[in-house]
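In the text below, chain A, chain B and the rest are named by the order of the sequence lines, each starting its count at 1. Small disclaimer: the values here were computed from a predicted structure and weren't measured. Just so it is clear, the values below take in all heavy atoms, side chains as well, and ignore hydrogens, waters and symmetry mates.
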Amino acid sequence: MAIMRTHYASGITPDMNGDTVTVAGWVHEIRDLGGICFLVLRDREGFIQITMVKKKTDPDLFDAGRRLNRESVVLVTGVVKEANQAPNGYEIIPEILNMLSEAESPLPMDVTGKVGADIDTRLDSRFMDLRRRKMLAAFVIRHHTLKAVRDFLTGEGFIEIHTPKVVAAATEGGTALFPITYFNREAFLNQSPQLYKQIMMAAGFDRVCEIGAIFRAEEHDTLRHLNEATSIDIEASFADHFEVMGILERLIHDVYAHISRQCEPQLSALGIELSVPELPFRRLTYDDALDIAHQHGHDIEWGDDFGTAAERAIGGAVGEHYFIIDWPTDIKPYYTHPNDDDPRYSKSFDLMHPRMELASGSQRIHSHDLLRQRIAACGLDPDGFDFYLKAFRYGMPPHAGWGLGTERLVMTMLGVENIRDVVLFPRDRKRLSP
RNA sequence: GUCCGGAUAGUGUAGUGGCCUAGCAUGGAGCCCUGUCGAGGCUCCGCCCCGGGUUCAAAUCCCGGUCCGGGCGCCA
């Protein structure tokens, strides 16, 4: 028996009336009316009704069909028949029905959307959760988002690179790392490609990007944090922070425009009308943002980061994507370039969606001596950064870059509440499988 | 790290001391039904997280545990 599908469900149209086709997929629903029995078969692209009439269908086939378990995998060969009463105006009258894999019963969760399920239940049976149309739609959009990102950055002259995820030391200090054993040595999962993409500036690649996993061992427990996330990173030589901000806002605009054009079926499955944000995004200075926070009653000292509540107040006041620029140098990582005229401020920015931070970036320090000094000032040991600092000693161009959270980009675009719903198999503090 | 909340059939829920032999929906089994499209009708199946305590009486109150969800912090 050759397992050969001739059409996806969506590939069958009324003008194929009389054609013999083979479809394959999951038994979504069975409606047995006695003398007539409807099977709804689901595949990646849609649904197709299989109609069996007792008096016309082979008795063995009829009986096998009506006794199928929901979610079993079947291969059905039959004739397309135009039928006004059928869901899309057509159905398949089966001639051969092969059950390829019988689903056990009861199912661990409902796939049809009749009954909800808790996030924990859903993640425990994620493969089945992902059979739900809305989940598929979200991940198709995630795919097209990353494709749009790659196409855009390629067009801007970026070379995609892959840097090590197993590293010897912390990238930025601060964030907790996952320790692992590397043969007989201690190593860590990388929290960011930051140091490596900067080293690539010394390599003369000029513009690099990386889309890859980053790991944070923080024990946070929120709807917008993951311990394993996907970061979109760029680094560009002979550029300042304003130039890479321009790239970032055009990228966001471009992604929204692509998704709204190319993912209409998925957006409508999710009930979303996507509006493309207008360029340029507003630029708020840190001091401006601090004023807004103060106006909303948030008591934040100059030099402190905004808390979640203040961030939401500012986001609510702006109402669309915006940048916060000119951050105090001391709350940004050591590699952030201070302002030339007032070193208390830095050449840095965060890209904000009203709901949360999406990206942060800056012009980087390219002076070896200043960088070494800043590492020490941040309480880190410069000797641990030799492999990094070495790249700054033999010709390092001025450069700037940013890191953008893929999951946050997708979740804010789609209005998804829980970041876990835009990751296939999310890693959070509690969950290590599936 | 810290604070708050939760755990009842496979799934989602109702039930704050006796009216609970635990209700509802979905699901499963069986029967009826030739156009369903969240089909309908009838019958049946299946649940109070674990341990201890209070009480005449505990799903319900108390203590401990386990697991889960969420807020904040930190960050993307």
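- Atom P of nucleotide rG10(B) and atom CD of Glu71(A) are separated by 19 Å, given to the nearest angstrom.
- A heavy atom closer than 4.0 Å to some atom of RNA chain B occurs in no member of residues 276-295 of chain A.
- Counting heavy-atom neighbours within 6.0 Å of Asn84(A) CG, excluding the residue itself, gives a total of 12 or less.
- Side-chain proximity of Leu226(A) to rG35(B), rA76(B), rG73(B): nearest is rA76(B).
- As rounded to the nearest Å, rU2(B) and rG17(B) have P atoms that lie 34 Å from one another.
- With no hydrogens or angles considered, no side-chain donor-acceptor pair links Asp287(A) and Thr285(A) at under 3.5 Å.
- Base engagement by Thr222(A) is indicated by at least one non-hydrogen atom pair under 4.0 Å involving a base atom.
- Closest to the Arg70(A) side chain, of the nucleotides rG30(B), rC75(B), rG28(B), is rG28(B).
- By the ring-ring contact (aromatic ring centres under 6.0 Å, His included) test, Tyr256(A) pairs with His321(A), sequence neighbours left out.
- Distance alone, capped at 3.5 Å, is enough to place a donor-acceptor pair between the Glu249(A) side chain and the Phe281(A) backbone.
- Nucleotides rC62(B) and rU55(B) are separated by 12 Å at their C1' atoms, to the nearest Å.
- Nearest to the side chain of Glu311(A), among rG73(B), rG27(B), rC75(B), sits rC75(B).
- The P atoms of rC50(B) and rA58(B) are separated by 15 Å, rounded to the nearest whole Å.
- Classification of Lys165(A) and Glu210(A) as a salt-bridged pair holds, one side-chain N sitting under 4.0 Å from a carboxylate O.
- The side chain of His220(A) approaches rA76(B) more closely than any other nucleotide in the set rG70(B), rA76(B), rG28(B).
- Ion pairing between a basic and an acidic side chain is recognised when a charged N comes within 4.0 Å of a carboxylate O; Glu243(A) and Arg207(A) show such pairing.
- Between Asp304(A) atom CG and rG73(B) atom P there is a gap of 12 Å when expressed in whole angstrom units.
- Using a 4.0 Å heavy-atom criterion, one finds that Gly307(A) contacts the sugar-phosphate atoms exclusively.
- Between rU11(B) and rC48(B), the two P atoms lie 12 Å apart (nearest whole Å).
- Residues from residues 425-434 of chain A lying near RNA chain B, meaning a heavy-atom separation below 4.0 Å, are Arg429(A), Lys430(A) in numerical order.
- Listed candidates were rA76(B), rC74(B), rG35(B). Nearest to the side chain of Ala229(A) is rA76(B).
- You'll find a donor-acceptor pair under 3.5 Å spanning the side chain of Arg216(A) and the base of rA76(B), going by distance alone.
- Nearest-nucleotide positions on RNA chain B place Ile36(A) closer to the 5' end than the other of Ile36(A) and Leu223(A).
- Considering only heavy atoms from C-beta on, Ile214(A) stays 4.5 Å or farther from Asn190(A) through its side chain.
- Listed candidates were rC74(B), rG73(B), rU36(B). Nearest to the side chain of Thr308(A) is rG73(B).
- The side chain of Gln49(A) approaches rU36(B) more closely than any other nucleotide in the set rU36(B), rG30(B), rA76(B).
- In this structure, Asp381(A) places its CG atom where more than 12 heavy-atom neighbours from other residues, nucleotides or ligands lie under 6.0 Å away.
- Taking atom C1' in both rG51(B) and rG10(B), the straight-line distance is 26 Å, to the nearest Å.
- When distances are taken from the side chain of Ala86(A) to each of rU36(B), rG10(B), rA76(B), the shortest belongs to rU36(B).
- Remark: Arg283(A) fails to qualify as a cation-pi partner of Phe349(A) under the 6.0 Å distance and 45° angle criteria applied to the six-membered ring.
- Phe178(A) and Phe215(A) have perpendicular rings, their planes meeting at more than 60° on a 0 to 90° scale where under 30° would count as parallel.
- Within the 4.5 Å cutoff, the side chain of Phe152(A) has no heavy atoms near those of the Phe158(A) side chain.
- When the nearest nucleotides of RNA chain B are assigned to Leu107(A) and Arg312(A) by heavy-atom distance, the more 5′-ward of the two goes with Leu107(A).
- With a 3.5 Å ceiling on both atom-pair distances, the Watson-Crick or G-U wobble partner of rC72(B) is rG1(B).
- Gln85(A) contributes no side-chain N or O that forms a donor-acceptor pair with the base of rU36(B) under 3.5 Å.
- Note on Pro108(A): only backbone sugar-phosphate atoms sit closer than 4.0 angstrom, heavy atoms only; bases stay farther off.
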List, with names and distances, any nitrogen or oxygen atoms from the protein found under 3.5 Å away from nitrogen or oxygen atoms belonging to nucleotides 22-24 of chain B.
none

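- Looking at Arg42(A) and Glu71(A), a side-chain N of the basic residue comes within less than 4.0 Å of a carboxylate O on the acidic one, giving a salt bridge.
- Using a 4.0 Å cut-off between charged side-chain N and carboxylate O, Asp421(A) and Arg122(A) make a salt bridge.
- The backbone N or O of Phe139(A) lies less than 3.5 Å from no partner atom in the side chain of His143(A), so there is not a single donor-acceptor pair.
- Shown are Arg131(A), Arg133(A), Arg132(A), His28(A); of these, the side chain to side chain contact (heavy atoms under 4.5 Å, CB included) with Thr112(A) is made only by His28(A).
- Taking atom P in both rC63(B) and rU26(B), the straight-line distance is 39 Å, to the nearest Å.
- Using a 4.0 Å heavy-atom distance criterion, Arg42(A) is classed as making no nucleic acid contact.
- Taking 4.0 angstrom as the limit, Asn418(A) places a side-chain polar atom (N or O) nearer than this to OP1 or OP2 of rG70(B).
- For rG30(B), the OP1/OP2 oxygens have no side-chain nitrogen or oxygen of Arg66(A) closer than 4.0 Å.
- Pair assignment for rC49(B): rG65(B), on the basis of Watson-Crick or G-U wobble contacts that are both within less than 3.5 Å.
- Note: Phe306(A) and Tyr286(A) have tilted aromatic rings, judged against thresholds of 30 and 60 degrees for the angle between ring planes.
- Residue Lys54(A) is out of contact with every strand shown, counting any heavy-atom pair closer than 4.0 Å.
- Arg431(A) places a side-chain N or O within 3.5 Å of a backbone atom of Ser433(A) that can act as its donor or acceptor partner.
- Of all the residues in residues 401-417 of chain A, Arg408(A) reach under 4.0 Å from RNA chain B with at least one non-hydrogen atom.
- Across all strands shown, rG10(B) forms a Watson-Crick or G-U wobble pair with rU26(B), both key distances being under 3.5 Å.
- Side-chain N/O atoms of Arg67(A) include one lying less than 4.0 angstrom from OP1 or OP2 on rG30(B).
- Between Arg420(A) and rG70(B) there is a side-chain polar atom (N or O) within less than 4.0 angstrom of OP1 or OP2.
- In this structure, the side chain of Asp110(A) engages the main chain of Val115(A) through a donor-acceptor pair within 3.5 Å.
- Between rG18(B) and rU36(B), the distance separating the two C1' atoms is 47 Å to the nearest Å.
- Taking the six-membered ring for Trp, Phe385(A) and Tyr335(A) have ring centres at least 6.0 Å apart.
- Proximity of residues 114-143 of chain A to RNA chain B (heavy atom under 4.0 angstrom from any strand atom) is restricted to Lys114(A), Val115(A), Gly116(A), Ala117(A), Asp118(A), Ile119(A), Asp120(A), Thr121(A).
- No side-chain N or O of Arg66(A) forms a donor-acceptor pair with one of Thr57(A) less than 3.5 Å apart.
- In this structure, the CD1 atom of Ile30(A) is 19 Å from the P atom of rG35(B), given to the nearest Å.
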